[in-house]
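Some notes on the structure that comes next.
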Amino acid sequence: MGNYSVVVLDFETTGLSPDGGDRAIEIGAVLLQDNRIVDRFQSLMNPEMRVNSFISEYTGITNAMLASAPSTSEAMEKFAKFMAGHHLVAHNASFDRRFLDAELLRINKRRQQDFACSMLVARRLYPDAPSHRLETLVRYKNLVTSGVYHRALADAEMTAHLWISMVIDLKEDFQFRQVPFALMQQLAKVPKAAVPTFLRKVAAEQG
DNA sequence: TGCCAGGCCCTCTTTAGGGCCTT
């Protein structure tokens, strides 16, 4: 099985750009071990700025909820402990990585571990999906959902189920004996046209 | 006041542009 642990995470934020002043408002994450969810983490955090109506409607997170939430530093200190020592995964990881690194920097911490992106892998494994948005992929693969969308823990859990599904499909379709984290990272970078050849080659090497 | 991203990926590409994804 996946003989490694992975923290699958998702941020809700005030907008798209930490460099443009946007902040995290919620972190949700699950810990995968042997391709199963074994732990969960969730926290709102007070960004000390108002969220606009688009964000409140998109996430359901209101300014009132954030006013009574823990500070970003308190929440991020706890999350830093939760993620310590594990590989990281997110859907469209470049987005979550920017916010994670920006919020860690504010508490004088630095991410040590690698990231992998479930969206880049899904584009390669499921080229025929109607789109590669998380919500669409969850329906396409008939994955379990809570019915909640655009909240950090719910989205992290859906991303985790997508990740589990991709690992299982690699094993079944290509007879992989194991699917190391590094393989998923490599796969995310392989030119799309070269993916089948790449996967057959790796499977043969494992043979 | 007004500003407002960035990485990937395709194509009628590379001296570029636009759609997809994330909030």
Side-chain angles (χ1 to χ4, degrees), chain A residues 6-30 42-66 69 72 75-76 79 83 88-106 111 114-141 143 145 148-163 165-166 184-199:
Chain A
V6 175
V7 164
V8 184
L9 66 97
D10 182 73
F11 278 103
E12 305 306 315
T13 70
T14 64
L16 294 174
S17 174
D19 291 340
D22 287 317
R23 299 294 305 274
I25 59 175
E26 187 181 39
I27 175 72
V30 303
Q42 183 274 336
S43 182
L44 290 170
M45 55 187 106
N46 186 345
E48 294 181 333
M49 61 185 279
R50 291 187 64 78
V51 299
N52 62 36
S53 59
F54 172 80
I55 294 298
S56 287
E57 283 167 30
Y58 186 77
T59 65
I61 298 169
T62 64
N63 284 298
M65 290 163 69
L66 293 173
T72 51
M76 290 306 298
F79 180 66
M83 73 173 195
L88 301 177
V89 166
H91 200 69
N92 196 10
S94 69
F95 174 85
D96 293 277
R97 190 190 59 234
R98 283 197 301 276
F99 277 96
L100 177 61
D101 290 351
E103 295 296 351
L104 286 175
L105 194 60
R106 287 172 178 270
R111 173 174 55 87
D114 293 339
F115 246 108
C117 177
S118 57
M119 185 186 75
L120 294 182
V121 177
R123 280 178 177 170
R124 285 161 176 78
L125 290 189
Y126 309 134
D128 297 332
S131 86
H132 296 87
R133 298 170 57 212
L134 181 58
E135 213 172 316
T136 306
L137 287 166
V138 163
R139 275 199 299 273
Y140 182 71
K141 293 299 295 179
L143 304 178
T145 87
V148 175
Y149 295 94
H150 310 306
R151 284 299 299 266
L153 182 57
D155 284 5
E157 292 211 32
M158 285 191 288
T159 303
H161 287 299
L162 173 62
W163 189 260
S165 165
M166 292 193 296
M184 298 293 262
Q185 284 185 304
Q186 282 181 317
L187 180 53
K189 293 179 186 168
V190 173
K192 287 177 80 173
V195 166
T197 306
F198 170 80
L199 290 175

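Protein chains get the first letters and strands the later ones, always in sequence-line order, with residue 1 at the start of each.
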#### Entry: Of all pairs that satisfy side-chain hydrogen bond (donor to acceptor under 3.5 Å, both in side chains), the ones with a partner from residues 6-17 of chain A, not counting sequence neighbours
A:Thr14-A:Asp22
### Query
On a whole-Å scale, what distance lies between the P atoms belonging to B:dC21 and B:dT15?
28 Å
### Message
If the condition is salt bridge (charged side-chain N to carboxylate O under 4.0 Å, His left out), which residues does A:Arg50 pass it with, not counting sequence neighbours?
### Response
none
### Task
Determine the interatomic distance between C1' on B:dG7 and the same-named atom on B:dT23; round to the nearest Å.
16 Å
### Query
Checking all strands, does A:Asn52 fall into the base, sugar-phosphate, or nothing category for heavy-atom contacts under 4.0 angstrom?
nothing
### Query
Looking at residues at least two apart in the chain, or sitting in another chain, which of them share a salt bridge (charged side-chain N to carboxylate O under 4.0 Å, His left out) with A:Arg98?
none
### Task
In whole angstrom, give me the gap between the C1' atoms of B:dC12 and B:dG17.
11 Å
### Message
Among residues at least two apart in sequence or on other chains, which ones pass side-chain contact (heavy atoms from CB on, under 4.5 Å) with A:Val195?
### Response
A:Arg124, A:Leu187, A:Val190, A:Leu199
### Message
Could you work out, with ring-ring contact (aromatic ring centres under 6.0 Å, His included) as the rule, every residue matching A:His150, not counting sequence neighbours?
### Response
A:Tyr58
### Atom of A:His91, atom of A:Asp96 and distance for their closest heavy-atom approach
O-OD2, 3.7 Å
### Query
What distance, rounded to whole Å, do you find between the two C1' atoms, one in B:dC20 and one in B:dT1?
32 Å
### Task
For B:dC9 versus B:dT14, give the span between their C1' atoms, rounded off to a whole number of Å.
14 Å
### Query
On DNA chain B, which is the earliest and which the latest nucleotide, 5' to 3', with an atom closer than 4.0 Å to a heavy atom of chain A?
B:dA5 to B:dT23
### Task
Name the nucleic acid region contacted by A:Phe11, choosing base, sugar-phosphate or nothing; use a 4.0 angstrom heavy-atom cut-off, strictly under.
sugar-phosphate
#### Entry: Qualifying residues under side-chain contact (heavy atoms from CB on, under 4.5 Å), relative to A:Thr72, sequence neighbours excluded
A:Arg23, A:Met45, A:Glu103
### Query
Which parts of residues 125-134 of chain A get close to DNA chain B, meaning a heavy atom less than 4.0 angstrom away?
A:Ser131, A:His132, A:Arg133, A:Leu134
### Query
Taking for each residue the nucleotide of DNA chain B with the nearest heavy atom, is it A:Glu135 or A:Ala188 whose nucleotide lies nearer the 5' end?
A:Ala188
### Query
Does A:Asn92 or A:Ser17 map to a spot on DNA chain B nearer the 5' end, using the closest nucleotide for each?
A:Ser17
### Task
Would you mind classifying the nucleic acid contact of A:Arg124 as base, sugar-phosphate or nothing, using non-hydrogen atoms under 4.0 angstrom?
sugar-phosphate
### Task
Considering only atom C1', compute the distance from B:dT13 to B:dC8 and round it to an integer number of Å.
15 Å
### Query
Contact class for A:Asp96 (heavy atom, under 4.0 Å): base, sugar-phosphate, or nothing?
nothing
### Message
Quick check: closest heavy atoms across A:Met65 and A:Leu44, and the distance to 0.1 Å?
### Response
CE-CD1, 4.1 Å
### Query
Which residues satisfy the ring-ring contact (aromatic ring centres under 6.0 Å, His included) test with A:Phe95, sequence neighbours excluded?
A:Phe99
